[in-house]
Amino acid sequence: MTKGEQRPWIATSLAMPLTPPASVQGNAIAPPVYAYANTDTVVTPHSRGILPKDSSEQYEITFWNSIKDSNYPADYEAYLKAYPNGRFVTLAHARIDRLRAAASNPPAVAASPPVAPPQVTRPATPASAAAQEHPHVTAAPPASAPATSLAAPKPATHPPVAGEQRDCATCPIMIAVPAGSFPMGSNTDDPSEKPVHHVTIAAPFAIGKYAVTVEQWNACVAANACQKLTPESNTNKTAPARDISWDDAQQYVKWLSKITGKPYRLPTEAEWEYADRGGTTTAYWWGDQMRKGNANCKDCGDPWHKEGPESVGSFAPNPLGLYDMNGSVWEWTADCWHNSYQGAPVDGHSWDSPGCDMRVIRGGSWRENGSYMLSATRFKYSAGVRQSQDGLRVVKDLK
């Protein structure tokens, strides 16, 4: 592979995004990647830390970086499926074995010595039945009890906004987006975001107020129209559904269209960025500087848990009233991946290619840091592979 040449290796702790496990499109030449042999991390000369999208070696290493701290065996299985002869195969197998052994042999809990019952003047308040039946609703503690920092996540409750609609009880809430024009892309050091080009969205459309939740996805599963979600990464019914492939997402929008009689689909990449920006032209929809509390991402402010994304709607909405467009989970779009915007459509339609296996994902996830929350950030993933950072948000044509 190296044609007899030696390669330099340099260590770094730079965080990386998830990456696709498939063949590379385009003929651009990537800058070199440097890392220590047998270590888990790599770095490129790019200041933002986002790898160019045109090196299969970089894809594999970046993919590994995105899962190397995961506690889900399915993430390592996805790596092995994508790279059966990859450089981290042995380590992936070892981590799968370790996680499964830990799951089947939970640590024994030492018996506690008998404790005398507390002296109280009135009975302690029991946990409410509603809290037991609905684990995401936290019962208020008794007045004399101290507050706890381990409260279960609460479902988001936000007032409706203009143009909001819902076609069934288990359907996503949709928000109408008017037609308009915007400059798509950026002039950052990521070549895949160039050139900046003017795009016109000629017709209004509706897009999900939130990413599709576990509860909404499970309605499709109950109808035998969608694949079951990975249990260990989809326990919170108000969190975004994840571990979803592009092919899985197609099943979901097909089911939504069938039960509602409405034209649901994945957003085009141009529609996604247009909706995310919400009429802004800054690096982030909230401005040119990262501000904590606007996105569910690593080091971007509370609430944040390394185990998974928060309940949808836990952070501020963008100017259109859309929540969690940046962070939370990467969201699938309809488009085939291209290494740059050279030749991209300017009418907002999807950019497809025959036999395309690599699809565009947008928005970053809770595992990435603030540098991935920019409105123009884009990446790709193999359409048939599930990964615990990938979810979806749907669009509906407005006739």
Q: Decide yes or no on side-chain contact (heavy atoms from CB on, under 4.5 Å) for Cys168 and Ile259, but give the supporting numbers first.
A: CA-CA 9 Å; Cys168 70; Ile259 66 169; 4.1 Å; yes
Q) Do Cys171 and Lys396 have side chains that get closer than 4.5 Å, going by heavy atoms? A) no
Q.
Is it the case that the side chains of Tyr341 and Arg378 hold a donor-acceptor pair, with the cut-off being a distance below 3.5 Å and no angle test?
A. yes
Q. So, Arg359 side chain and Ala383 main chain: donor-acceptor pair closer than 3.5 Å or not?
A. no
Q) Which heavy-atom pair separates Gly348 from Ala270 by the least distance, and what is that distance? A) CA-CB, 3.8 Å
Q. So, Ser245 versus Asp247: side-chain donor-acceptor pair below 3.5 Å or not?
A. no
**Q.** Distance-only donor-acceptor check, side chains Glu269 and Thr333, under 3.5 Å
**A.** no
Q: Give a yes or no on this: more than 12 heavy atoms of other residues, nucleotides or ligands lie within 6.0 Å of atom CD of Gln342.
A: no
Q) So, does Trp366 use its side chain to make a donor-acceptor pair with the main chain of Lys306 at under 3.5 Å? A) yes
Q | Whether Ser375 side chain and Arg277 backbone form a donor-acceptor pair below 3.5 Å | A | no
Q | Closest approach of Leu398 to Ala176 (non-hydrogen atoms, all atoms of both residues) | A | CD1-CB, 4.1 Å
**Q.** Any side-chain heavy-atom pair of Ser181 and His198 under 4.5 Å
**A.** yes
Q | Within 6.0 Å of NE2 in His197, more than 12 heavy atoms from elsewhere | A | yes
Q: Determine yes or no for a side-chain-to-main-chain donor-acceptor pair under 3.5 angstrom, with Thr268 supplying the side chain and Glu271 the backbone.
A: yes
Q: Determine whether the side chains of Asp335 and Ser350 contain a donor N or O and an acceptor N or O closer than 3.5 Å.
A: no
Q. Of Val360, Asp248, Asp390, Val253, which meets side chain to side chain contact (heavy atoms under 4.5 Å, CB included) against Trp332?
A. Asp390
Q | Donor-acceptor pair between Arg95 and Ser70 side chains, under 3.5 angstrom | A | no
Q) With distance as the sole test, does Ser257 use its side chain to make a donor-acceptor pair with the main-chain N or O of Tyr264 at under 3.5 Å? A) yes
Q | Donor-acceptor pair, side chain of Tyr76 and main chain of Leu91, under 3.5 angstrom | A | no
Q.
Looking at every non-hydrogen atom in both residues, tell me the closest pair between Ala283 and Asp288 and how far apart they are.
A. N-OD1, 3.0 Å
Q: Indicate yes or no: at least one non-hydrogen side-chain atom of Asn234 is less than 4.5 angstrom from one of Arg242.
A: yes
Q: For the pair Asp276 and Arg362, find out whether any cationic side-chain nitrogen is under 4.0 Å from an anionic carboxylate oxygen.
A: no
Q | Chi angles and distances behind the ring-ring contact (aromatic ring centres under 6.0 Å, His included) call for Trp217, Tyr252 | A | CA-CA 7 Å; Trp217 183 275; Tyr252 182 76; 5.2 Å; yes
Q: Compare every heavy atom of Ala206 with every heavy atom of Gln165, then report the nearest pair and how far apart it is.
A: OE1-CB, 4.4 Å
Q.
With heavy-atom distances below 4.5 Å as the criterion, would you say the side chains of Ser353 and His338 are in contact?
A. yes
Q) Donor-acceptor pair, Glu273 side chain versus Gly185 backbone, under 3.5 Å? A) yes
**Q.** Within-4.5 Å side-chain heavy-atom neighbours: Glu331 and Leu266
**A.** no
Q | Closest contact, heavy atoms only, Ile207 versus Val177 | A | CG2-CG2, 3.7 Å
Q. Counting only N and O atoms by type, is there a donor-acceptor contact under 3.5 Å from the side chain of Tyr284 to the main-chain atoms of Arg291?
A. no
Q. Is there a donor-acceptor contact under 3.5 Å from the side chain of Tyr210 to the main chain of Thr238?
A. no
Q. Is it true that the side chains of Thr260 and Asp167 contain a donor and an acceptor less than 3.5 Å apart?
A. no
Q) Would you say the side chain of Pro319 lies within less than 4.5 Å of the side chain of Thr280, judging by non-hydrogen atoms? A) yes
(Q) Using modelled atom types and a 3.5 Å cut-off, is there a donor and acceptor pairing between side-chain atoms of Asp357 and backbone atoms of Ser382? (A) no
Q: Any chance you could lay out the side-chain contact (heavy atoms from CB on, under 4.5 Å) test for Phe315 and Ser328, step after step, and finish with the verdict?
A: CA-CA 10 Å; Phe315 295 81; Ser328 190; over 6 Å; no
(Q) Checking Glu310 against Asp324 for the side-chain contact (heavy atoms from CB on, under 4.5 Å) test, could you report, in this order, the C-alpha distance in whole Å, the side-chain angles of both residues, the deciding distance, and whether it holds? (A) CA-CA 10 Å; Glu310 306 303 313; Asp324 312 310; over 6 Å; no
Q | Contact check, side chains of Trp272 and Met325, non-hydrogen atoms, under 4.5 Å | A | yes
**Q.** Under-4.0 Å salt bridge between Lys81 and Glu77
**A.** no
Q | Non-hydrogen side-chain atoms of Phe88 and Tyr79 separated by less than 4.5 Å | A | yes
